[in-house]
Protein chains: 2
Amino acid sequence: MPATAAAIVANRAFPAPLPAAIREEEDVLNPAAAVARMGTVVSFTRNAEIFGEDEPADHVFVVLSGVVRICKLLGDGRRQIETFCLKGDAFGWETAERTRFSAEAVSECRLARVKRSLLFSRATDDSALARAIWNLTFTELHRAQDHLLLLGRKTAQERVATFLLDLARRSSPVDLSEVHLPMSRQDIADYLGLTIETVSRTLTQLEGSAAIALPSSRCIVLRDRNALRRLDS
Amino acid sequence: MPATAAAIVANRAFPAPLPAAIREEEDVLNPAAAVARMGTVVSFTRNAEIFGEDEPADHVFVVLSGVVRICKLLGDGRRQIETFCLKGDAFGWETAERTRFSAEAVSECRLARVKRSLLFSRATDDSALARAIWNLTFTELHRAQDHLLLLGRKTAQERVATFLLDLARRSSPVDLSEVHLPMSRQDIADYLGLTIETVSRTLTQLEGSAAIALPSSRCIVLRDRNALRRLDS
DNA sequence: CGAATTTATTGATCGAGAGCAAAGACCTAA
DNA sequence: TTAGGTCTTTGCTCTCGATCAATAAATTCG
């Protein structure tokens, strides 16, 4: 479906000249380019809050660089990270007027910020844009559905293996075996529905079974993708 | 957001006369009515497969009556129910050409079946329809995100309480305290990421703490909604 | 209607992952 | 460079929910 969205975006005629800062990065975020192009660039430092839970939902964002986590908190400290947004991902879609989760910068990041009202009013006259928005939303739904299966039915090893393969696939177009982890163990744990200790132990186990190597805590080498895929099932 | 979708639907001008069988039920499924109206009625018996995993995705469905489960299987027997679709819910949205899960009738049910190609080609010229489709998709995303939090971070009691309140809310517009469970314990377990035994035990516990009553296995009386809401948090 | 079969409940035990604690690795700053 | 953080790993114990097993209730069918 990235292909479909990209095609739609490519076929659009753009009325206004592109802001230079965005145009130069256009190639790297095809599916969301039509949306990003309508926005302005904003930057956030590590751990900065982009928006909080239950705030007015006025903007949609597209990641230009860096990583963002989308999370929900439960009364007590418990936190669930719904998804990590990487370069080219869009977030902040809402039908209601208030946000249902918070968004925070995992690493330094640059985002394109687009006014929701502008986006949706343009989409009314521009069916290609409407379709692009639908595709982006749908991609999110797919991700959430896969995440659901992982949280409901997979073991710790399966969860970690799935996570690593997914991150590797999304981080780099080529199948590089060395993967950089932009997020902390706590972030990974809150994404996978585990504790930091279990994430750490599981990584050690996978290293023991030669599926991965851990040259440093934020760098993982996928040594045996098939072993991981077997766990991913 | 049902209000938004309903408003959009109400404002549409419909070119073709409505099939009588669908028109008579129109009032009960406002948000999805615009979609349902374009389809034909099909019926399924209990446990019948509506479509399987990885089949051509040619149709979108709207539930007219009965309940449908959307599920995914993991190599071995493990099953995750992504969602239960009740009257007025739409399912079968895909961007790819193949389905990513299966859909089965939980109870006898009647559905409106709509050709995807027709739906999307009409949406190109009809921005209100496009918006209605986006809203329906987005409602699914919301549901999946709440489900994610439940599976990742909630205890068995919290999961069951959340499920009961959600089902009660969706089953009936008025706050009826008696809720009929259309699905088996196995279905509930596979939705909540638990086992049938744990679901059963948890219901017994909730009965013990006077939060609910269980006159029969498929009928639940919500005796203390606040106690349940406290668990739902 | 009662026998057969499926579905739900309850009990007893087990184990994956949580929780707690301590040690080790890694940053950052002075 | 060292001192003071933070983040990660590892060990030990405990708990919640899974698993195995046996009834009990509900449904189906002859």
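Chain identifiers are assigned alphabetically (A, B, ...) following the order of the sequence lines, protein sequences preceding nucleic acid strands; residue numbering begins at 1 within each chain. Basis for what follows: all heavy atoms, side chains included, without hydrogens, waters or symmetry-related copies.
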Could B:Arg100 and A:Asp146 be called an ion pair, given the rule that one side-chain N must be under 4.0 Å from one carboxylate O?
yes
Between C:dA12 (C1') and B:Glu197 (CD): distance, integer Å:
12 Å
Test of understanding: with salt bridge (charged side-chain N to carboxylate O under 4.0 Å, His left out), list the residues that count as partners of A:Asp187, not counting sequence neighbours.
A:Arg69, A:Arg79
Give the rounded distance in Å between these two atoms: CD1 of A:Ile196 and P of C:dC20.
12 Å
Between A:Tyr191 and A:His147, does the ring centroid distance fall short of 6.0 Å?
yes
So if I take the C1' atoms of five pairs at each end of the helix from C:dC1-D:dG30 to C:dA30-D:dT1 and get each local axis, what angle do the two axes make, rounded to 10 degrees?
40°
Can you tell me how far P of C:dT6 sits from CZ of B:Arg46, to the nearest Å?
12 Å
With A:Ser200 via side-chain contact (heavy atoms from CB on, under 4.5 Å) - residues at least two apart:
none
Is A:Thr198 close enough to C:dG17 that one of its side-chain N or O atoms is under 4.0 Å from OP1 or OP2 there?
no
Looking at residues at least two apart in the chain, or sitting in another chain, which of them share a salt bridge (charged side-chain N to carboxylate O under 4.0 Å, His left out) with B:Asp58?
none
Those residues of residues 150-163 of chain A lying under 4.0 Å from DNA chain C by at least one heavy atom:
A:Thr155, A:Ala156
Tell me the salt bridge (Lys or Arg N to Asp or Glu O under 4.0 Å) pairs involving residues 222-233 of chain B, sequence neighbours left out?
B:Lys154-B:Asp232
A:Glu97 atom CD, neighbour heavy-atom count above 12 within 6.0 Å
no
Between CZ of A:Arg218 and P of C:dA25 the distance, given in whole Å, is 18 Å
Heavy-atom contacts under 4.0 Å between residues 204-215 of chain B and DNA chain C, which residues?
B:Thr204
Applied to residues 210-233 of chain B, the ring-ring contact (aromatic ring centres under 6.0 Å, His included) test, sequence neighbours excluded, yields none
Which value, rounded to the nearest 0.5 Å, describes the distance between B:Arg153 atom CZ and B:Ser233 atom OG?
13.0 Å
Using a cut-off of 4.0 Å on non-hydrogen atoms, how would the nucleic acid contact of A:Ser200 be classed: base, sugar-phosphate, or nothing?
base
Parallel, tilted or perpendicular, judged at 30° and 60°: which one describes the rings of B:His59 and B:Phe61?
tilted
Partner residues of A:Thr204 under the side-chain contact (heavy atoms from CB on, under 4.5 Å) criterion, sequence neighbours left out
none
Please list all pairs passing the ring-ring contact (aromatic ring centres under 6.0 Å, His included) test where one or both residues lie in residues 212-233 of chain A, with sequence neighbours left out.
none
More than 12 heavy atoms of other groups within 6.0 Å of A:Arg218 CZ:
yes
Taking B:Thr99 for its side chain and B:Gly52 for its backbone only, find out whether a donor-acceptor pair lies under 3.5 Å.
yes
If you walk 5' to 3' along DNA chain D, what is the first nucleotide with an atom under 4.0 Å of a heavy atom in chain A, and what is the last?
D:dT8 to D:dC12
Do other residues, nucleotides or ligands put more than 12 heavy atoms under 6.0 Å from A:Glu178 CD?
no
Quick one: sort the A:Phe91 and A:Phe51 rings into parallel, tilted or perpendicular, breaks at 30° and 60°.
tilted
Please list, by residue number, the residues of residues 186-194 of chain A whose heavy atoms come closer than 4.0 Å to an atom of DNA chain C; answer none if no residue qualifies.
A:Gly193, A:Leu194
Give one of base, sugar-phosphate or nothing for B:Arg201, where a contact means two heavy atoms less than 4.0 Å apart.
base
